[in-house]
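On a predicted model such as this, the values are computed, not experimentally measured, just so you know.
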Amino acid sequence: MSRMPATPTPSDPEGRFRRPDASMSLLTTVMEHSLDDGYAEAARARGAEGSSRLPTTAKGRVVLALGLALATVVVTVGAVNTHAAAPVLAKERDALVTRVNEANAAVDALQKQVEEDRDEVERAQDAALQTGDDGGAAALAAQTGTGAITGPGVKLVIDDASGSGSGGNVSDPRNGGGYGKNGRVKDHDLQYAVNGLWLAGAEAVSVNGQRLTALSAIRAAGDAILVDNRPLVPPYTVLAIGDGPRLVQAFQDNEGGRYLKIIQDSYGIRSTLSTQKSLTLPAAVGVTLRVAGPEPSAEPTPSPSPSPSSSPPSGSPSAARSGTPSKSARATAKSTSTPTGTGAATP
């Protein structure tokens, strides 16, 4: 026997059936009316006006047209001025490059002339001294940098990194000096290398053909490195006279060698150190050798003759003699002091 479905019973006193979600009126309102009435009214008004944002009045259109015309004029004038100024800037740059090249050529010619004159002076000095096999003046000039020197040594080549340094987990020696994190060699790096060679026992050092003396300075001018006010370009070749194998080992163990290792790991700066059987370092330009010597003895000053009233008795051993100096003169040695240049260590 089949059963008939049960007739639902009205849920309110008036006999009407209630919705299942009648008790959730707030959620029903949120779901069915998600947009506020004010937003809906604004959307209907905007739809009635149209989707275009251009001004509809004549005044607004005139103002818009004037603004577009002014912007067009400004852009056009800027483009014309830039195009007209480009040839002038190019000519000024070419003229500046030409002046720099001519100045460098003149400096090179003057330096060559100075070297030739220095060689002539040295030959005349050797002929005048006639030291024979002693060679004392020549040895002193070679040690101080005012003369050329030849002998075994080492060759250190320092070059910029092929790309930016990656930075490692080593202590960064450049943090305290305000250096940027790039792979270019700085003047401070070259100073550390040169000082490391002096510390290792080098007898003479030159950088890219520039001989270092007690007055030498390694500085920076922008991105360029200057050695005795002469600009250098990489790679930087540092030559040092001395015992090659001993110099290599001592340099790698001191602060200079460790510093180069750190900047190589941190920035990729390349450096190679090798021994050389024979190296020739030129004489420094613009430096005069000065030799210290004793000062002439002071002339004795005669003491005044005693007055008759104060003269001692006859035969007294303490009687003063006329013409005898009251104090013995001492000879003093004078020497010419030379200040040490900033940035380069001295031997």
Side-chain angles (χ1 to χ4, degrees), residues 63-117 155-167 172 174-194 206-212 215-239 260 263-264 266-272 282 284-286 341-344:
V63 172
L64 178 61
L66 291 177
L68 293 176
L70 181 61
T72 304
V73 170
V74 170
V75 173
T76 304
V77 172
V80 171
N81 291 338
T82 302
H83 182 72
V88 177
L89 295 177
K91 290 180 181 179
E92 292 179 354
R93 181 183 179 278
D94 294 340
L96 182 60
V97 171
T98 302
R99 290 176 57 188
V100 171
N101 292 335
E102 291 176 353
N104 289 336
V107 170
D108 293 338
L110 291 176
Q111 182 173 357
K112 183 178 180 181
Q113 182 65 35
V114 168
E115 292 176 355
E116 293 177 355
D117 294 342
K155 178 180 179 182
L156 175 63
V157 180
I158 308 174
D159 198 1
D160 296 337
S162 56
S164 299
S166 58
D172 190 349
R174 286 185 171 189
N175 282 340
Y179 293 95
K181 292 185 176 181
N182 56 51
R184 300 196 63 178
V185 179
K186 306 294 184 179
D187 60 324
H188 197 63
D189 306 331
L190 207 55
Q191 291 175 14
Y192 264 97
V194 170
S206 69
V207 181
N208 281 23
Q210 293 294 118
R211 181 74 176 273
L212 301 183
L215 301 177
S216 297
I218 301 177
R219 297 189 178 93
D223 291 334
I225 297 179
L226 306 181
V227 174
D228 291 339
N229 295 325
R230 290 280 296 174
L232 306 181
V233 294
Y236 305 101
T237 302
V238 183
L239 303 179
L260 288 184
I263 62 176
Q264 181 177 2
S266 302
Y267 304 100
I269 293 177
R270 297 165 291 178
S271 61
T272 57
V285 178
T342 304

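In this structure the side chain of Arg230 reaches within 4.5 angstrom of the side chain of Asp108, judged on heavy atoms. Considering only heavy atoms from C-beta on, Ile158 stays 4.5 Å or farther from Asp189 through its side chain. The closest side-chain heavy-atom distance from Gln264 to Leu260 is not below 4.5 Å. Ile263 places none of its side-chain heavy atoms less than 4.5 Å from the side chain of Val185. Inter-residue side-chain proximity for Glu92 and Leu89 is flagged as met; some heavy-atom pair is nearer than 4.5 Å.
Within the model, atoms NZ of Lys91 and OG1 of Thr98 stand 13.5 Å from one another, a figure rounded to the nearest 0.5 Å. Taking NE2 from His188 and CD from Gln191, the interatomic distance works out to 6.5 Å, rounded to the nearest 0.5 Å. With rounding to the nearest 0.5 Å, the separation of CZ in Arg219 from CG in Asp187 is 10.0 Å. Distance check: Arg99 CZ to Asp94 CG gives 13.5 Å after rounding to the nearest 0.5 Å. One distance of note links CG of Leu190 with CG of Leu156; it measures 8.5 Å at 0.5 Å rounding. Rounded to the nearest 0.5 angstrom, Leu66 CG and Leu70 CG are separated by 8.5 Å.
Minimum interatomic distance between Ile269 and Arg184 (heavy atoms only, all atoms of both residues): CD1-O, 3.8 Å. Closest approach of Tyr236 and Leu232 over heavy atoms only: CE2-CB, 3.8 Å. Taking all atoms of both residues into account, the shortest heavy-atom contact from Ser216 to Asp228 is CA-OD1, 3.0 Å. A pairwise comparison of heavy atoms in Leu239 and Lys155 identifies CD2-CG, 3.7 Å as the closest pair. The minimum heavy-atom distance linking Gly268 with Ala161 is given by the pair O-CB, 3.1 Å.
Arg211 places a side-chain N or O within 3.5 Å of a backbone atom of Pro282 that can act as its donor or acceptor partner. Looking at Asn208, its side chain never comes within 3.5 Å of a backbone N or O of Val238 through a donor-acceptor pair.
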Would you sort out whether Val194 and Val207 count as a side chain to side chain contact (heavy atoms under 4.5 Å, CB included), showing the intermediate values? CA-CA 9 Å; Val194 170; Val207 181; 4.0 Å; yes
